[in-house]
Amino acid sequence: MFKASAFFRRFLPSLAPISHWERLRASCGALVGVLSTGFISTVAVGADASLPLLIAPMGASAVLLFAAPSSPLAQPWSILGGNVVSATVGVTCALLIPNPVVAAAIAVALAIGVMLVLGCLHPPSGAVALTAVLGGPVIREAGYAFVLSPVAINSLVILTAALAFNNLTGRRYPHLAPAPNPHQTHDPVPSQRLGVVPEDLQAVLAQYGEVVDVSPEELDAFIHQAQTRAFTRRSGETTCAEIMSRDVLTIEPQAPLRKAWKMLLEHRIKALPVVTEADGLVGIITQTDFMKHATLTPDGRLQVGLRERIGNIIGLPAKSPRLVSDIMTRRVQSAVPETMIAKLVPPMADMGLHHMPVVDADNRVVGIVTQSDLIAALFQRRLDAVQEVACSAASF
């Protein structure tokens with residue numbers, strides 16, 4: 001039996017859930033972008049200019065730039081390259097083809113083809129090509145000047161507005177690819193060596209052979225986040241509180257480096273959380289921090305490196321670090337006791353973190369999880385799963 005509701009539901013887009021804040025943010029961004037584009041274009045060209053100061057395709061560009069800033073179709077090269085190329089193609093077709101309908105069709109077709117070749121596909125640019133042909137006698141008479149004003153000026157201004165607004169409101173733009181291996185080698189990060197790897201994703205996309213409105217890097221990130229959630233669900237409720245070391249050695253920022261180095265050696269550890277009475281965790285000092293600043297001398301000073309020696313030769317003042325606060329890492333990632341251990345895998349496996357301080361609600365250090373703790377916990381979970389399967393098989 002024909003069901004009308006099911007039939008018409010197929011025509012609706014399948015969009016991810018969007019928060020009320022994101023809807024408001026995107027709408028306000030479009031307001032700021034279009035308003036600033038019109039105002040600055042008026043100031044730059046003059047209110048009495050014969051050409052339009054703001055073209056209609058900028059409204060469509062605003063939708064992408066502010067409502068979908070992570071889309072590959074909304075990146076800087078997409079809007080600048082796509083609009084300028086399409087305007088150039090449109091003006092050329094308008095000059096060479098007398099029939100406006102034929103010129104418009106060819107302009108849009110060529111614009112799409114050139115954008116795909118140059119890697120700057122931007123849907124509103126198709127409207128830019130159409131405007132260049134059907135925009136009226138003023139635009140036709142302007143010729144290639146239309147490419148500069150208003151197309152290039154509009155595109156540059158609304159792009160600048162998007163750069164400022166998106167980053168100020170917590171949306172990374174342009175949407176850069178993930179950082180490479182932190183060890184600066186050609187190997188993929190550990191989480192990308194098993195399961196779905198980037199090469200698998202690229203092969204599937206190549207086989208799909210169509211434009212996908214999400215970057216391969218972002219799609220790969222989504223897949224790995226989903227895998228982490230699935231692992232968390234399968235591995236039970238193991239938290240940092242269950243596996244962390246609780247007798248944690250800490251040090252104060254004003255402690256001498258000699259003391260910190262001695263603690264690392266005596267206790268055979270590689271890191272010390274740096275804490276204060278007032279603020280709790282304020283940093284971490286590791287063996288790597290010491291290695292970055294040469295070696296420690298018997299009197300508690302770090303040996304002067306080449307940079308400091310050159311400074312002394314040319315008369316620049318140089319101060320060798322003496323205290324923990326001089327070399328400690330201040331931006332330290334931490335967890336809370338309730339954090340699932342699965343969430344520690346990406347930073348420890350891919351970002352090269354060896355230690356994760358665990359803090360309470362007051363930012364006081366209550367424990368620390370090391371790579372060894374995490375490996376042991378994951379191994380135990382796997383061993384328990386194997387034993388459970390073996391016991392189930394033996395019961396039959």
Side-chain angles (χ1 to χ4, degrees), residues 11-13 30-31 33-42 44-69 71-162 208-214:
F11 293 89
L12 298 176
L31 172 64
V34 176
L35 189 62
S36 59
T37 301
F39 177 75
I40 295 176
S41 297
T42 302
V45 180
D48 57 347
S50 58
L51 285 169
L53 299 173
L54 191 63
I55 55 175
M58 289 301 108
S61 293
V63 174
L64 283 171
L65 289 172
F66 298 101
S71 169
L73 309 179
Q75 301 312 298
W77 171 235
S78 298
I79 180 172
L80 285 178
N83 284 349
V84 170
V85 165
S86 297
T88 304
V89 170
V91 170
T92 302
C93 290
L95 294 175
L96 298 180
I97 304 174
N99 189 308
V101 175
V102 175
I106 294 177
V108 174
L110 288 177
I112 293 174
V114 175
M115 286 190 291
L116 287 172
V117 171
L118 298 179
C120 57
L121 186 65
H122 187 62
S125 298
V128 173
L130 205 63
T131 302
V133 178
L134 304 177
V138 174
I139 293 179
R140 181 182 292 271
E141 292 173 5
Y144 290 103
F146 173 73
V147 177
L148 175 62
S149 177
V151 174
I153 293 178
N154 281 186
S155 302
L156 184 60
V157 174
I158 199 170
L159 173 60
T160 303
Y208 186 66
E210 297 181 18
V211 175
V212 180
D213 193 14
V214 61

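The analysis underlying the following values was restricted to heavy atoms, covering all of them including side chains, and did not include hydrogens, waters or symmetry mates.
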Validation row: [X], [Y] side chains within 4.5 angstrom (heavy atoms):
X	Y	result
Pro123	Leu73	yes
Leu54	Pro150	no
Pro52	Ile139	yes
Thr131	Pro57	yes

Hey, could you give me the [atom1]/[atom2] distance between [X] and [Y], rounded to the nearest 0.5 Å?
X	Y	atom1	atom2	value
Ile40	Leu53	CD1	CG	12.5 Å
Ser78	Leu65	OG	CG	9.5 Å
Leu134	Arg140	CG	CZ	8.0 Å
Ile55	Thr37	CD1	OG1	10.0 Å
Ser125	Ile112	OG	CD1	10.0 Å
Asn83	His122	CG	NE2	5.0 Å

Determine yes or no for a side-chain-to-main-chain donor-acceptor pair under 3.5 angstrom, with [X] supplying the side chain and [Y] the backbone.
X	Y	result
Ser36	Gly33	yes
Asn154	Met58	no
Ser86	Ala127	no

Atom of [X], atom of [Y] and distance for their closest heavy-atom approach:
X	Y	answer
Ala87	Ala132	O-CB, 4.1 Å
Val133	Ala94	CA-CB, 4.1 Å
Ala68	Ala74	O-CB, 3.5 Å
Val128	Phe146	O-CE2, 4.4 Å
Val108	Gly126	CG2-O, 3.8 Å
Trp77	Leu118	NE1-O, 3.1 Å

Report task. Would you indicate whether Tyr144, at its atom OH, is surrounded by more than 12 heavy atoms from other residues, nucleotides or ligands within a distance under 6.0 Å? Result ->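 It does: Tyr144 OH has more than 12 such atoms within range.
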Query - Candidate pair Ile79 and Ile158, rule side chain to side chain contact (heavy atoms under 4.5 Å, CB included), full reasoning - result: CA-CA 9 Å; Ile79 180 172; Ile158 199 170; 3.6 Å; yes
